Amino acid sequence: MSHYSPAETAEKSGFSIDTLRYYEKIGLLSGIARNASGRRVFSDSDLQWLGMLRCLRGTGMPIAEMLRYSELARGGGETVQERLELLQEHDRRVEEQIATLRAQQEQIKTKIGYYRDAAALCTPATASV
C-alpha cells in the first residue's frame, strides 16, 4: 500500500490542502494516519474515498448529505439500504440537472444558429479574380 503526503494527495485528488483539512475536521475523512512527526499520511484507500467525495461534490451533493453518506459508509453492512436510497435520490437530482442543462443548451444552440445566419448575411461576398 502506498502512502501520500498532503501535497501529493491534494494533487492526486484535486482537492486543496485546506479542503483536505476541512473534510477531516468535519468528519468526511476519518482515520487519517500520521507519521512519526505528526503529519497526515494518506493511503490508496483514502484516495479512493476522496474520489467518491469528488464525484458527490462535483455533482452537487450538499456537504450535509455527504456527511450523512460518510456516516452510513462507516456503519457497515446494516446501512446498505440507506446508502442506496441516499445515492438514488442524489442520482434523481443529477438527472434533473442534466435535463435542465440540455434544455438550456438547446436554447444556446438556437441562438448560435441565429447569429451564424446573421453573420452569413453580413459577410461581404468574396471578390472574383
Side-chain angles (χ1 to χ4, degrees):
M1 178 179 352
S2 299
H3 291 86
Y4 308 96
S5 70
E8 291 170 320
T9 302
E11 183 179 329
K12 289 179 179 294
S13 70
F15 289 116
S16 69
I17 292 175
D18 287 339
T19 298
L20 295 175
R21 279 190 206 109
Y22 175 68
Y23 279 7
E24 186 176 15
K25 179 180 174 182
I26 66 172
L28 280 175
L29 287 172
S30 63
I32 302 300
R34 304 268 175 175
N35 64 16
S37 60
R39 289 185 51 114
R40 292 185 317 278
V41 179
F42 295 85
S43 67
D44 290 324
S45 177
D46 295 326
L47 281 175
Q48 287 178 330
W49 179 247
L50 285 166
M52 185 63 190
L53 294 179
R54 163 72 52 212
C55 173
L56 295 175
R57 194 72 186 127
T59 54
M61 182 179 275
I63 295 282
E65 279 186 38
M66 290 171 62
L67 281 166
R68 179 67 181 139
Y69 179 73
S70 179
E71 291 167 10
L72 291 170
R74 286 191 290 265
E78 63 268 5
T79 66
V80 169
Q81 186 62 37
E82 287 178 84
R83 283 182 270 168
L84 173 63
E85 290 168 5
L86 188 145
L87 290 176
Q88 285 175 325
E89 176 59 24
H90 181 62
D91 183 58
R92 185 193 59 73
R93 288 191 310 265
V94 169
E95 287 290 343
E96 287 176 0
Q97 291 172 352
I98 291 169
T100 298
L101 285 172
R102 287 195 196 285
Q104 291 167 336
Q105 184 183 34
E106 284 306 312
Q107 187 175 359
I108 291 167
K109 285 182 177 187
T110 298
K111 191 56 81 171
I112 288 170
Y114 170 80
Y115 288 124
R116 189 173 285 140
D117 292 345
L121 290 174
C122 296
T123 303
T126 307
S128 298
V129 178

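This structure is a prediction, so every number in the text was calculated from the model and none was measured.
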With rounding to the nearest 0.5 Å, note down the distance linking CD in Glu106 to CD1 in Ile112.
10.0 Å
Atom CZ of Arg40 and atom NE2 of His3: how far apart are they, to the nearest 0.5 Å?
14.5 Å
Determine yes or no for a side-chain-to-main-chain donor-acceptor pair under 3.5 angstrom, with Asp46 supplying the side chain and Ser43 the backbone.
yes
Any heavy-atom pair between the side chains of Gln105 and Lys109 that's under 4.5 Å?
yes
Indicate the atoms forming the closest heavy-atom contact of Ser70 with Gly27, along with that distance.
OG-O, 3.5 Å
Salt bridge or not between Arg21 and Glu24? Use side-chain N to carboxylate O under 4.0 Å.
no
Quick check for you: to the nearest 0.5 Å, what is the distance between Ser13 atom OG and Gln48 atom CD?
13.0 Å
Main chain of Ser5, side chain of Glu8: is a donor-acceptor contact present, judged purely on distance under 3.5 Å?
yes
Taking 4.0 angstrom as the limit, do Glu96 and Arg92 come out as a salt bridge?
yes
Considering only Ile, Leu, Val, Met, Phe, Trp and Tyr, and joining two whenever side-chain heavy atoms are under 4.5 Å apart, list the other residues clustered with Leu56.
Tyr4, Phe15, Leu20, Tyr22, Tyr23, Ile26, Leu28, Leu29, Ile32, Phe42, Leu47, Trp49, Leu50, Met52, Leu53, Met61, Ile63, Met66, Leu67, Tyr69, Leu72, Leu86, Leu87
Surrounding CD of Glu11 (heavy atoms of other residues, nucleotides or ligands, distance under 6.0 Å), is the total greater than 12?
no
Gap separating the NE2 atom of His90 from the CD atom of Glu85, nearest 0.5 angstrom
16.0 Å
Can you tell me how far the CD atom of Gln104 sits from the CD atom of Gln97, to the nearest 0.5 Å?
10.5 Å
Would you give the length of the straight line joining atom CZ of Arg83 to atom CD of Glu78, rounded to the nearest 0.5 angstrom?
8.5 Å
Does the side chain of Arg39 reach to within under 4.5 Å of the side chain of Arg34, using non-hydrogen atoms?
no
Side chain of Thr79, backbone of Glu82: donor and acceptor closer than 3.5 Å?
no
If you compare all heavy atoms of Arg93 against all heavy atoms of Pro62, which two are closest, and at what distance to 0.1 Å?
NH2-CD, 4.3 Å
